Student: 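A single structure is presented below for examination.
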Number of protein chains: 2
Amino acid sequence: MKKYLDVLKEVNLFTGIEESELQPLLSCLSATTAHYEKGQTVFFSGQSIKQFGIVLSGQIQVVQDDYQGNRSIFAKIGSGNMFGESFACAEIKTLPVSVITTTGSELLFIDCRRLAVPCTKACSFHSRLIQNLLNIVSMKNILLTQKIEITSKRTTREKLLAYLSAEAKKARSNRFNIPFNRQELADYLSVERSAMSAELSKLRNDGVLNFHKNQFQLL
Amino acid sequence: MKKYLDVLKEVNLFTGIEESELQPLLSCLSATTAHYEKGQTVFFSGQSIKQFGIVLSGQIQVVQDDYQGNRSIFAKIGSGNMFGESFACAEIKTLPVSVITTTGSELLFIDCRRLAVPCTKACSFHSRLIQNLLNIVSMKNILLTQKIEITSKRTTREKLLAYLSAEAKKARSNRFNIPFNRQELADYLSVERSAMSAELSKLRNDGVLNFHKNQFQLL
DNA sequence: TCTCTTTCGTTGGAATTCCAACAGAATTAT
DNA sequence: ATAATTCTGTTGGAATTCCAACGAAAGAGA
């Protein structure tokens, strides 16, 4: 666990927690780690979860597949970030999404109830963690609201522009990289890959943007 | 404020709070009420909010309008429910949505920071409220995820079926009422109203469902 | 370096949505 | 009760997306 302390101290769940408190905290919470290979399913759609995860290394995606084989990507989550926290907190009976690894990954798992309920040791950090968790879940809601802004656009062109504008704003530059390949971007925008490529080419020909692989520039 | 105690004690923010504690709690939090007429804007897109609202009576919608005049409805919220809590908790600088009343409404406003930070009186309910708020924000997260499930479908037919199936599940019956008129339903599903009506007619002719106004039955 | 696999962009046809316009039904206001 | 307004469903054409197929470019593995 020590090898990941550098990662963990940057996790916003632990904001305001002294570095020296991290190890006892994780012990108190019975946190566990697990290694996953690329392409493995961490949480299956339909299951009930009580633990959420933190990505120590690697990358995961939150996805939903329909019966026709269309995949929707809800989010891509990298090192130092959390996943599944809302479902674990709400104690939902059937997870509506799956969580899969897109690279080999080390993941940390924490039981939500143990975090939220003060233990017999009356550890002082429980209330700090709950405050932090409230802030994190609120921020996730804002990200989901932004995703709805994108998926509720009527045309592929509008979805692309909404997404790329948001990425530019996040990068504070009109030159930025996106974290998806073409198929993943199409799945994130819920459109068809080849039609999206055609639309990207049109946008370039119209002088709206330039791109090369995952590098984009808004003009 | 007394007239709404019956409503307030059912609000899940106050779960586990004694009815006798409600009035002092609201005083401690400097909660305020306001009356809005139908069609008024409660929160404007772009503003920064520190307070969230509780609907005492009436109904509000969370919406987003684009420059072409297309409206997306994110949610419709009625009596006894909260709105804006994720944005207030996260202290976001620019609200990405607007909140408007669809009927005359009485709304209660609570400052998120006052709720989350124990006051000088060391009132005991702050930690209970934060636990409740975490649960509520998590549940909102799940509702947003369910909305993305709908808006990420590729066809109007699929969006309708996804939405109506979810409403049936919520009603625990294949006969149920939906809370929208046709234009509102189209805005909620992010599709065009007349095309959606045509698709509803097709679904009825295909023997998939029956409907009359806002009454639906899945076959 | 070569071979195999994956990714990306293009294309044309089928499917679907959007849009404007309209008429009739339902609702609201007088 | 009547008039005005709003809501709903229909229609046809334009616009757009999906889809399958394909070839070229890029990347990975031997």
Side-chain angles (χ1 to χ4, degrees), chain A residues 37-39 65-73 102-104 150-164 177-206 208-216, chain B residues 37-39 61 65-73 76 102-104 150-164 177-206 208-216:
Chain A
E37 293 299 327
K38 169 188 167 107
D65 295 325
D66 70 16
Y67 58 88
Q68 287 161 333
N70 292 314
R71 166 163 287 185
S72 285
I73 294 179
T102 51
T103 65
I150 294 172
T151 54
S152 61
K153 299 297 187 191
R154 303 298 175 91
T155 65
T156 296
R157 189 182 187 101
E158 287 171 351
K159 289 179 177 179
L160 274 168
L161 289 174
Y163 171 72
L164 295 173
N177 286 13
I178 69 170
F180 298 122
N181 69 25
R182 287 295 179 268
Q183 184 60 58
E184 288 171 336
L185 179 59
D187 290 343
Y188 185 77
L189 301 181
S190 304
V191 297
E192 203 277 327
R193 179 200 63 79
S194 59
M196 185 193 72
S197 271
E199 199 57 49
L200 276 173
S201 292
K202 274 194 200 168
L203 284 165
R204 177 166 57 191
N205 293 342
D206 290 348
V208 176
L209 55 77
N210 273 319
F211 60 89
H212 176 72
K213 301 303 217 51
N214 68 336
Q215 295 173 339
F216 282 77
Chain B
E37 294 301 324
K38 170 188 164 107
Q61 280 182 5
D65 296 325
D66 70 16
Y67 58 88
Q68 286 161 333
N70 292 313
R71 166 163 289 184
S72 285
I73 294 179
K76 166 178 268 202
T102 51
T103 66
I150 294 171
T151 55
S152 61
K153 298 297 186 190
R154 303 297 175 91
T155 66
T156 296
R157 189 181 187 103
E158 288 173 349
K159 290 179 177 179
L160 274 169
L161 289 175
Y163 171 73
L164 295 172
N177 285 14
I178 68 170
F180 298 122
N181 68 24
R182 287 294 179 268
Q183 184 60 60
E184 289 172 336
L185 179 59
D187 290 343
Y188 185 78
L189 302 180
S190 303
V191 297
E192 203 276 328
R193 180 199 62 77
S194 58
M196 183 193 72
S197 271
E199 199 58 47
L200 275 173
S201 293
K202 274 194 201 168
L203 284 165
R204 178 165 57 191
N205 294 342
D206 290 348
V208 176
L209 53 76
N210 274 321
F211 60 90
H212 176 71
K213 300 306 213 54
N214 67 336
Q215 296 173 340
F216 283 77

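Heavy atoms only: backbone and side chains are in, while hydrogens, waters and symmetry mates are out. These numbers were taken from a predicted model, which means no experiment stands behind them. Just so we're on the same page: letters track the sequence lines, and every chain starts at 1.
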Student: Can you pull out how bent the helix from C:dT1-D:dA30 to C:dT30-D:dA1 is, comparing the axes over its first five and last five pairs, to 10°?
Tutor: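 Helix axis angle between the two ends: 60°.
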
Student: In whole angstrom, what separates A:N214's CG from C:dT7's P?
Tutor: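 It works out to 13 Å between those atoms.
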
Student: Tell me the interatomic distance from B:L203, atom CG, to D:dT10, atom P, rounded to whole angstroms.
Tutor: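 To the nearest whole Å, that distance equals 12 Å.
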
Student: Which residues pass the side-chain contact (heavy atoms from CB on, under 4.5 Å) test with B:K76, not counting sequence neighbours?
Tutor: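 Here the qualifying residues are B:Q59, B:Q61, B:P179, B:F180, B:E184.
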
Student: Quick one, give me the B/S/- string for nucleotides 16-23 of chain D, reading 5' to 3', where B means a protein heavy atom under 4.0 Å from the base and S means that only happens at the primed atoms, P, OP1 or OP2.
Tutor: -SBBBB--

Student: Taking for each residue the nucleotide of DNA chain D with the nearest heavy atom, is it B:Q183 or B:A198 whose nucleotide lies nearer the 5' end?
Tutor: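 The residue mapped nearer the 5' terminus is B:Q183.
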
Student: Does any non-hydrogen side-chain atom of A:T155 lie less than 4.5 Å from one of A:L160?
Tutor: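 A side-chain contact under 4.5 Å is absent here.
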
Student: Going by heavy atoms in the side chains, are B:I178 and B:L164 under 4.5 Å from each other?
Tutor: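 The answer is yes; the side chains approach within 4.5 Å.
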
Student: Between the protein and nucleotides 25-29 of chain D, list every N/O to N/O distance that falls short of 3.5 Å.
Tutor:
residue: D:dA26; atom: O3'; partner: A:K213; partner atom: NZ; Å: 3.2
residue: D:dG27; atom: OP1; partner: A:K213; partner atom: NZ; Å: 3.2

Student: Looking at B:D187 and B:R71, is any side-chain nitrogen of the basic one under 4.0 Å from a carboxylate oxygen of the acidic one?
Tutor: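 No, this pair does not count.
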
Student: Going by distance alone, is a donor N or O of one side chain under 3.5 Å from an acceptor N or O of the other, for A:S197 and A:E199?
Tutor: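 Result is no, nothing qualifies.
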
Student: Whole angstrom is fine here: how far is it from CZ in A:F211 over to C1' in C:dC8?
Tutor: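 It is 9 Å, rounded to the nearest whole Å.
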
Student: Keeping the roles fixed (side chain from A:N181, backbone from A:Q183), state whether a donor-acceptor pair exists under 3.5 Å.
Tutor: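 Yes; judged by distance alone, with no hydrogens or angles, the pair exists.
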
Student: With sequence neighbours excluded, tell me which residues meet side chain to side chain donor-acceptor pair (under 3.5 Å) with A:T156.
Tutor: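 A:T156: no side chain to side chain donor-acceptor pair (under 3.5 Å) contacts found.
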
Student: Round to a whole Å and report the spacing from CG of A:L200 to C1' of C:dG9.
Tutor: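 Distance check: A:L200 CG to C:dG9 C1' gives 10 Å.
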
Student: Is there a side-chain contact between B:N210 and B:F216 in this structure, where contact means two heavy atoms from C-beta onward sitting under 4.5 Å apart?
Tutor: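 They are not in contact (no side-chain heavy atoms under 4.5 Å apart), so the answer is no.
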
Student: Once you round it to whole Å, what is the distance between P of C:dT11 and CG of A:N205?
Tutor: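 Interatomic distance, CG of A:N205 to P of C:dT11: 10 Å.
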
Student: Starting from C1' on D:dT6, measure out to CG on B:N181 and report it in whole angstrom.
Tutor: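 The distance from CG of B:N181 to C1' of D:dT6 comes to 9 Å, rounded to the nearest Å.
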
Student: Separation of A:F180 atom CZ from C:dT7 atom C1', in whole Å?
Tutor: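 From A:F180 CZ to C:dT7 C1': 17 Å.
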
Student: What residues form a side chain to side chain donor-acceptor pair (under 3.5 Å) with B:S190, not counting sequence neighbours?
Tutor: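 For B:S190 there are no side chain to side chain donor-acceptor pair (under 3.5 Å) partners, ignoring immediate neighbours.
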
Student: Check whether B:D66 reaches the backbone of B:N70 with its side chain - one donor and one acceptor, N or O, closer than 3.5 Å.
Tutor: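 At least one qualifying donor-acceptor pair exists.
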
Student: Search all heavy atoms of B:N177 against all heavy atoms of B:Q215 and return the closest pair with its distance.
Tutor: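 The pair with the smallest heavy-atom distance is OD1-CG, 3.4 Å.
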
